[in-house]
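Beneath this line is the structure, given in structure tokens, with notes to follow.
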Amino acid sequence: MPICRHSIASSPRQRREAAIVRLSDYVVQRRSAPRAANDNRRSRLAPVWPWAMVAAAAPAVTAALILTRLI
């Protein structure tokens, strides 16, 4: 009676390939490329300085309005 050395079940190598999880399957939006230190292009974000000026001027404007009401 000959001995059969061939496996009937699927090989483990095929199962491992099917179980590979790749990050690219879950990434929705890619990261933007890094910018060089000497890159002078404008930022994609809105400028913050107008809001800083409004926040700095608000107390002065409020104090001026209070003083005008008192006089």
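The model shown is predicted, which means the values in this text are computed figures rather than measured ones.
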Problem - For Leu23, all residues meeting side-chain contact (heavy atoms from CB on, under 4.5 Å), sequence neighbours excluded - result: Val27

Exercise for the section: Would you give the length of the straight line joining atom CG of Asn40 to atom CG of Asn38, rounded to the nearest 0.5 angstrom? Expected result: 7.0 Å

Completion exercise
Closest non-hydrogen atoms of Ala56 and Pro59, given as atom of the first, atom of the second and distance, are O-CD, 3.5 Å

Fill in the blank from the handout: One should read off an interatomic distance between Leu70 CG and Leu65 CG, to the nearest 0.5 angstrom, of 11.0 Å

Completion exercise
Contacts of Arg22 meeting salt bridge (Lys or Arg N to Asp or Glu O under 4.0 Å) (sequence neighbours excluded), chain-then-number -> none

